[in-house]
Amino acid sequence: MSDVLTPAAFAADALAAEVVARASRAYTEEHAARVQKAVGFIAASSKAAERFNLVQRALEVAIVLLEIDVDEAAVVAALLALSIPEKDRDYDLWTGAFGGEVIGLVRGLARAGKIETLSERANDAAATELLRKMLLAMADDVRVILIKLAERTVYLRAITKADDAVRRAAAVTTRDLFAPLANRLGVFQIKWELEDLSFRFLEPALYKQIAGYLDGKRGEREAYIASVLAELKADMAKLGINGQVAGRPKHIWSIHRKMQTKNIPFEKLYDVRAVRVLVDSVPDCYAVLGYIHDRWQPIAGEFDDYIAQPKANHYQSLHTAVIGPEGKTLEVQIRTHAMHLASEHGVAAHWRYKENTKEGGRNKSSADKKFESKIAWLRQVLEWNRELVSDSGFSDTVKQGLFNDTVYVFTPQGRVIDLPAGATPVDFAYHVHTDLGHRCRGAKIDGHIVPLSTKLKNAQMVDILAAKVGGPSRDWLNPQLGFLSSHRAQSKVRAWFRQEYFEVDKAHGRQALEKELARAGATSLALEKVSLALGHKQLDECCAAIGRNEITPHQIEVVLRGLQAPVSAADAATAPAFAPHSASLASKTSGGVLVLGVNNIQTLVAKCCKPLPTDPIVGFITKNRGVMVHRIDCINITSLTPDQRERLMPAEWGNTGEQPFAADIEVAATDRQGLLRDVSDALTKERINVVGVNTLSRGNLASMRFTVELRRAEDLTRVMRAVGEVAGVESVTRR
């Protein structure tokens with residue numbers, strides 16, 4: 001480029017010309033014109049000559065994006081965002097020239113850039129994984145991530161001759177942050193290059209050794225592959241299958257990883273010689289597979305059907321290894337053209353492939369393409385969420401609300417903090433440290449003082465202004481004022497007040513308890529026994545709860561009446577639904593059951609009817625075990641005498657959290673071999689834990705009862721439906 005860049009001179013530049021030419025081939029005339037306009041725009045900007053390197057990098061990124069078939073809005077956004085610094089941007093001008101969609105992508109790139117900087121400070125796998133999640137949570141449009149991946153690819157290409165420290169730092173960030181994102185999005189064309197370049201920078205000697213293995217016999221291997229391709233092309237033509245065959249490039253990092261995983265030398269790799277077959281349809285894939293297995297001997301254990309069972313990132317293909325011509329091992333991948341496009345370009349291909357089919361046409365609007373990309377993005381996010389559930393150590397809260405229920409903010413030191421959506425600076429302070437939360441008196445967000453009730457947003461930097469000494473305000477516990485959102489922070493504030501006034505509350509509570517005992521004529525009852533029935537193992541804790549009005553006189557009266565009453569049939573069903581969890585149920589008191597509107601009365605779930613959340617329930621005061629929770633229609637409740645019914649207490653479901661519940665389902669079926677196995681498989685596929693099985697066969701009829709653990713009431717309907725679809729099952733009912 002010349003020192004003074006005019007639009008005409010800039011258009012003559014090789015990179016700019018290539019971007020414009022590729023856009024003309026990839027897009028409609030209207031969309032290609034937008035890309036050409038963006039190229040001219042960044043060339044005509046007042047400081048274009050000073051930003052020569054930035055402009056060149058932006059053009060290179062645009063070419064990578066065009067190679068993976070991203071739409072023109074993403075290319076335009078990349079050109080603008082990567083060539084013009086944020087301080088020099090005129091968003092009003094850009095909106096008028098390129099539209100709001102492009103500006104949204106540019107702003108998304110600015111937010112994502114903050115995380116990229118922080119990723120260099122991540123000091124462990126957990127911190128890096130939080131950064132990946134944060135990046136995806138902030139990038140509400142998948143194209144932002146695709147642009148960042150393309151930008152990273154261009155950056156790694158540019159530093160091949162930089163200092164070793166620079167290369168290693170970039171490689172670590174790429175390996176830990178960007179390559180996993182490319183893999184999870186299925187953008188393998190970029191993933192492979194990122195992995196190879198990272199490997200080259202981090203392990204140069206090992207990289208050169210494997211590259212030497214590949215180069216050493218390259219001519220021989222290429223000649224062998226050419227002969228195999230010729231055979232396959234000729235035979236596919238005879239079979240009437242329309243397809244393409246080509247040699248498959250080997251990626252050095254994947255070779256290294258396979259050598260490590262299988263602990264084998266390079267010479268024993270099956271896929272150093274590899275070909276790929278592309279056909280029009282799935283039936284053609286299996287037809288080619290059958291032909292190859294007939295022609296050459298398959299190698300046992302080296303066949304994978306990723307069409308029937310796609311990978312988590314939606315990768316689809318048939319993989320097989322055979323003893324090919326001359327007795328040499330040969331890997332063959334077979335897939336459709338659509339699968340290949342998706343495997344190379346991932347989510348970028350989802351909204352491009354339909355454009356080039358008869359169904360999609362060439363005139364699909366930008367809104368339609370964006371809609372399709374969103375659908376593809378959501379599909380990938382769901383798969384990624386499942387992946388995290390199986391292989392991540394993060395809390396259930398993070399797993400369940402990966403994007404919608406979590407907000408990610410920074411400490412002044414650059415540490416990433418994940419909080420529930422709706423969290424405030426006070427929640428943030430308690431998350432960092434309990435003492436900081438107690439002493440919190442003010443907060444700054446991105447350098448500006450804000451009210452403590454301000455709701456935090458992604459990527460904000462939060463700084464807490466704290467007193468040297470002090471405690472929390474009671475106003476923080478008022479839900480109407482909105483100071484606290486997280487249960488963790490609320491519990492810490494309550495704990496502070498409990499500890500601060502514990503002795504006073506305990507004294508007042510003991511007086512109130514002794515007064516109620518005298519009024520009920522139950523002074524002979526041990527206070528410890530009453531305390532246990534009220535849900536507290538320690539008498540002092542019980543008295544303090546009474547002093548704080550967490551336990552009312554009416555609740556004490558009802559419990560005392562139950563302790564003095566005779567045993568009934570309902571007391572016989574006192575064993576909890578799960579023996580292993582009984583301790584936690586007692587210690588947590590209700591496990592999600594509210595008796596008389598509170599949750600600090602000791603309760604147990606009756607094993608006779610095993611109520612589930614959403615079942616109508618009632619509490620029954622037992623003599624020694626607190627309140628037993630039954631379904632309203634339980635036989636032990638409906639058969640109570642009038643005197644015994646006085647021991648019933650209103651109960652309802654509260655927040656059950658992750659507390660498991662038991663349910664019994666009865667299965668009636670035509671008996672056959674393998675029936676129990678098939679029903680068990682159906683339960684396993686639904687990820688349901690079976691804790692008890694009882695079966696009985698009479699003639700050709702089978703009756704089975706399963707006790708299953710459920711986290712949510714709606715799981716029961718899903719499980720019963722799945723079991724009902726098993727061959728031979730006639731009915732599935734809840735006991």
Side-chain angles (χ1 to χ4, degrees), residues 282-283 285-287 289-290 293 298 300-320 379 382-391 396 399-400 576-581 605 607-615 631 656 658-735:
V282 171
C285 289
Y286 288 100
L289 176 68
H293 281 182
E302 294 297 323
F303 170 66
D304 293 297
D305 187 347
Y306 295 122
I307 293 179
Q309 293 183 313
K311 290 185 178 182
N313 53 23
H314 274 285
Y315 174 83
Q316 287 186 291
S317 184
L318 297 177
H319 290 193
T320 187
R379 194 183 306 124
L382 290 174
E383 290 296 338
W384 189 38
N385 192 34
R386 295 190 192 101
E387 179 185 342
L388 287 175
V389 169
S390 64
D391 68 13
D396 290 333
K399 291 175 185 174
Q400 292 172 357
F578 298 98
H581 296 285
V605 178
K607 72 173 184 179
C608 53
C609 55
K610 294 185 176 69
L612 290 174
T614 72
D615 283 340
R631 282 160 43 189
T656 59
E658 289 297 307
Q659 176 64 45
F661 292 86
D664 288 339
I665 59 174
E666 290 189 348
V667 181
T670 302
D671 200 9
R672 61 175 174 82
Q673 186 175 0
L675 176 63
L676 179 59
R677 178 202 61 208
D678 292 345
V679 174
S680 299
D681 286 347
L683 292 170
T684 301
K685 288 179 180 177
E686 295 297 325
R687 297 184 180 180
I688 295 298
N689 187 28
V690 179
V691 296
V693 182
N694 187 14
T695 65
L696 177 65
S697 296
R698 290 181 179 175
N700 65 340
L701 297 178
S703 176
M704 295 177 283
R705 178 182 298 172
F706 295 87
T707 301
V708 296
E709 282 186 347
L710 304 172
R711 299 282 179 179
R712 301 172 300 177
E714 54 266 32
D715 290 343
L716 181 62
T717 302
R718 174 171 57 85
V719 169
M720 293 174 65
R721 185 185 303 116
V723 174
E725 293 174 354
V726 174
V729 172
E730 296 178 359
S731 65
V732 184
T733 56
R734 180 182 176 191
R735 181 176 179 275

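Quick note: numbers below take in every heavy atom, side chains included, and nothing from hydrogens, waters or symmetry partners. All figures in this text were calculated on a predicted structure; none of them were measured in a lab.
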Practice task
Report the residue from Ile688, Leu676, Val732 that forms a side-chain contact (heavy atoms from CB on, under 4.5 Å) with Phe706.
Solution key: Leu676
Nearest 0.5 angstrom please: [X] [atom1] to [Y] [atom2], how far?
| X | Y | atom1 | atom2 | answer |
| --- | --- | --- | --- | --- |
| Arg631 | Lys610 | CZ | NZ | 10.0 Å |
| Ile307 | His319 | CD1 | NE2 | 9.0 Å |
| Asp678 | Glu725 | CG | CD | 13.0 Å |

Problem - Heavy-atom side-chain proximity of Leu716 to Ile665 below 4.5 angstrom - result: yes
Practice task
Verify whether one side chain among Ser703 and Glu666 offers a donor that lies under 3.5 Å from an acceptor in the other.
Solution key: no
Quick one: closest heavy-atom pair of [X] and [Y], and the distance?
| X | Y | answer |
| --- | --- | --- |
| Ala722 | Ala682 | O-CB, 4.1 Å |
| Cys609 | Arg734 | O-NH2, 4.0 Å |
| Val729 | Gly724 | CG1-CA, 4.0 Å |
| Ala669 | Leu675 | CB-CD2, 3.7 Å |

